[in-house]
Asks: 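Let me give you the structure first, and then I'll get to my questions.
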Amino acid sequence: MKHSPNSPILLSSSLHVDEARKAISDLVKELIEDAAKIESLDNIEIVSLDQAINRILAEDLLSPIDVPAADNSAMDGYAFNGACLGNSEELVSLKVVGTAYAGKPYQGKVDTGTCLKIMTGALMPDGCDTVIPQELTHSQDDKFIEFKQSLLKLGENRRLRGEDLQKGKAAIQSGRLLRPSDLGLAASLGVSTLNVHRKLRVAILSSGDELRNLGQALDVGCIYDSNRYSLTGLLNRLNLEIVDCGIVRDDPASLKEAFCNAAKVADVLISSGGVSVGEADFTKQIMQELGDVGFWKIAMRPGRPMAFGTLKPVAGQSSARRTLFFGLPGNPVAVMVTFYQFVRAALLQLNGATETEPPLIQAVSSAAIRKKAGRTEFQRAILGRGTDGKPVVELTGSQGAGILRSMSQANCFVILHHDQGNIAPGDWVDVALFDGLL
Ligand code: AMP
Ligand code: MG
């Protein structure tokens, strides 16, 4: 439905985005509790590190070793016994007795008055507790080094065994959405597999008589279905299993059948289209039979109408769980905004992740932005850097909910919160980067 963006009547009857998020999160909690009752441990999978990116860790990863496994040098320099150090400007002179390399330790002992040339990561030899970086020393012939006593303190530049992580302690906490650094960390501990939650199965469908599949001829008034492709991209970012249920016509029997088929196989169903005021009554009727779904008017732009709830278990479904349902608006940008604002966090939460909210940063708005208090707005923008070095955002032209090009050109949303009003050039605004998310 089209409505004046400034209409106070429509806004006053709307749900605050925070209320919507709270309602979603509460329902997801319920579904997790239900699942704990009806499903057993087969919800956990063991995957190799090369398959683990963007999966969610199901148990704390306990370190099987101390890290580092032994005391070693943090610098290229000379290892020695720090008892000779003090506060004076006096010179220390040490005889160099050999060299230790990473992976090739020095076998002998290093006595008082002597030192060992040592590379970063090489084991600290017996008798040594301190490393002087090479650049702080003087040497005539590589056989002796000299440096001022006061340049460093006993124990400096030595990494202690277990300093980063002790054996038996959690290296990565359960609930972590695994990132490249986590995979590297697991590998550094000698761990080759991780216990992760099974992939959520998410069904997607597009509803609308005007929609055509790629490759089909476009009849008059018809458009290509783009939402399933944006949604597939969004879901792939989360390494989920996608069940593509295609395009469904705007007739009750087809919709009902498609929803039932999706519920049979999927944990979550995401549809787009058919929830705006003009079409909602028809969808509502079907949802009353199939589940418990609310039709929301959310105080946001774009993405005002949205249906949310659960579908009842259907005959022939493998487990007795309910299916989480998001009926997103049909407008292509609204689909991405509502996914970002509501669906992403719900999917992560349902799949056991502890951190579900992407970070916001702040940037200076290069221009004035008109904004009515009483709704949350998502404007597409490009984040760059101003001449003074500060982060600056500039909107990407027309912000209509159907204009995907402005989304494609953008690298971030400017998020204008519920109570915020007009923005003046130079004001700081909240920004959500697309990178990795959208
Ligand atoms: P609706 O929410 O069904 O009223 O759709 C709102 C607008 O989004 C209409 O202009 C639809 O044609 C368009 N739309 C709906 N679904 C899709 C889709 N899957 N791909 C592209 N545009 C869509
Ligand atoms: Mg429609």
Side-chain angles (χ1 to χ4, degrees), residues 1-5 7 10 14-15 20 202-236 242-259 261-262 266 268-287 293-309 325-343 375 377-378 380 398-410 438:
M1 188 201 62
K2 300 285 171 292
H3 66 83
S4 152
S7 163
L10 287 161
S14 299
L15 199 62
V202 181
I204 54 173
L205 64 83
S206 296
S207 85
D209 284 340
E210 76 282 27
L211 303 177
R212 293 292 176 272
N213 275 312
L214 300 184
Q216 281 184 320
L218 275 189
D219 303 320
V220 181
C222 291
I223 56 169
Y224 288 118
D225 170 12
S226 59
N227 288 344
R228 269 185 306 133
Y229 294 88
S230 333
L231 279 172
T232 300
L234 290 164
L235 293 168
N236 275 330
I242 301 170
V243 183
D244 187 346
C245 299
I247 296 171
V248 182
R249 300 280 148 239
D250 283 327
D251 81 80
S254 315
L255 261 183
K256 206 166 143 184
E257 190 190 347
F259 280 22
N261 286 340
V268 184
L269 168 61
I270 305 173
S271 72
S272 70
V275 292
S276 54
V277 171
E279 294 176 313
D281 288 346
F282 158 79
T283 319
K284 266 183 203 161
Q285 199 187 322
I286 299 162
M287 298 320 298
V293 173
F295 284 73
W296 290 347
K297 288 190 194 100
I298 306 174
M300 67 188 281
R301 197 171 80 150
R304 211 171 88 91
M306 195 176 106
F308 171 73
F325 171 66
F326 288 93
L328 305 185
N331 271 315
V333 177
V335 165
M336 301 197 80
V337 169
T338 46
F339 185 96
Y340 166 82
Q341 183 68 340
F342 304 114
V343 184
R375 65 174 176 229
E377 289 192 12
F378 297 81
R380 282 79 80 198
S398 178
Q399 297 287 319
I403 302 174
L404 256 188
R405 201 166 67 89
S406 71
M407 187 82 199
S408 167
Q409 284 169 339
L438 292 168

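Quick caveat: nothing in here was measured; it's all calculated off a predicted structure. Just follow the structure's listing: the first ligand is 1, and inside any ligand the first atom is 1. Because only heavy atoms are used, hydrogens play no part in the values below, and waters and symmetry mates are left out as well, while side chains stay in. For the single chain, residues carry numbers from 1 onward in sequence order.
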Asks: Pull out every atom of ligand 1 sitting under 4.0 Å from any heavy atom of Ser206, numbered as shown with elements.
Replies: 19 (N)

Asks: Would you say the side-chain atoms of Ser254 and Arg249 include a donor-acceptor pair closer than 3.5 Å?
Replies: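 Arg249 and Ser254 do not have a side-chain donor-acceptor pair below 3.5 Å.
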
Asks: Is Lys284 atom NZ crowded by more than 12 heavy atoms from other residues, nucleotides or ligands, each under 6.0 Å away?
Replies: yes

Asks: For ligand 1, note which part of Leu211 has a heavy atom under 4.0 Å away: side chain, backbone, both or neither.
Replies: side chain

Asks: Just so I know, are the side chains of Met287 and Phe259 near enough to count as touching, which here means a heavy-atom distance under 4.5 Å?
Replies: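 Answer yes - side chains close enough.
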
Asks: Do any N/O atoms on Glu210 end up under 3.5 angstrom from N/O atoms on ligand 1?
Replies: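 Yes - when backbone and side-chain N and O of Glu210 are compared with those of ligand 1, one distance drops under 3.5 Å.
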
Asks: What atoms in ligand 1 come closer than 4.0 Å to a heavy atom of Ile223?
Replies: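 Answer for ligand 1: 12 (O), 21 (C), 22 (N), 23 (C).
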
Asks: Please lay out, stage by stage, how Cys245 and Asn261 fare under the test side-chain contact (heavy atoms from CB on, under 4.5 Å).
Replies: CA-CA 8 Å; Cys245 299; Asn261 286 340; 5.9 Å; no

Asks: Which atoms of ligand 1 are found less than 4.0 Å from any heavy atom of Ser276?
Replies: 1 (P), 2 (O), 4 (O)

Asks: Do the non-hydrogen side-chain atoms of Val293 and Thr283 ever get within less than 4.5 Å of each other?
Replies: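 No, every pair of side-chain atoms sits at 4.5 Å or beyond.
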
Asks: Counting both backbone and side chain atoms, is some N or O of Arg228 under 3.5 Å from an N or O of ligand 1?
Replies: no

Asks: Heavy atom to atom 3 (O) of ligand 1, shortest distance: which of Gly330, Gly274, Ala334, Pro329 holds it?
Replies: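 Minimum heavy-atom distance to atom 3 (O) of ligand 1 goes to Gly274.
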
Asks: Against heavy atoms of Tyr224, which atoms of ligand 1 measure under 4.0 Å?
Replies: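 Counting atoms of ligand 1 from 1, those under 4.0 Å from Tyr224 are 20 (N), 21 (C).
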
Asks: Is any side-chain heavy atom of Val268 less than 4.5 Å from a side-chain heavy atom of Val343?
Replies: no

Asks: Within less than 2.8 Å, report the number of protein N/O/S atoms around the Mg ion (ligand 2).
Replies: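 Of the protein's nitrogen, oxygen and sulfur atoms, 2 lie under 2.8 Å from the Mg ion (ligand 2).
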
Asks: Just wondering, do Leu211 and Ile223 contact through their side chains at under 4.5 Å, heavy atoms?
Replies: yes

Asks: A side-chain contact here means heavy atoms from C-beta on lying under 4.5 Å apart; do Asp225 and Arg212 qualify?
Replies: no

Asks: For the backbone of Leu205 and the side chain of Arg228, can you confirm whether one donor and one acceptor N or O come within less than 3.5 Å of each other?
Replies: no

Asks: If you count the atoms of ligand 1 from 1 in the order shown, which ones are under 4.0 Å from a heavy atom of Glu279?
Replies: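 Once the distances to Glu279 are compared, the set is 1 (P), 3 (O), 4 (O).
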
Asks: For Asn331 and Arg304, test the side chains for any donor-to-acceptor distance below 3.5 angstrom and give the result as yes or no.
Replies: no

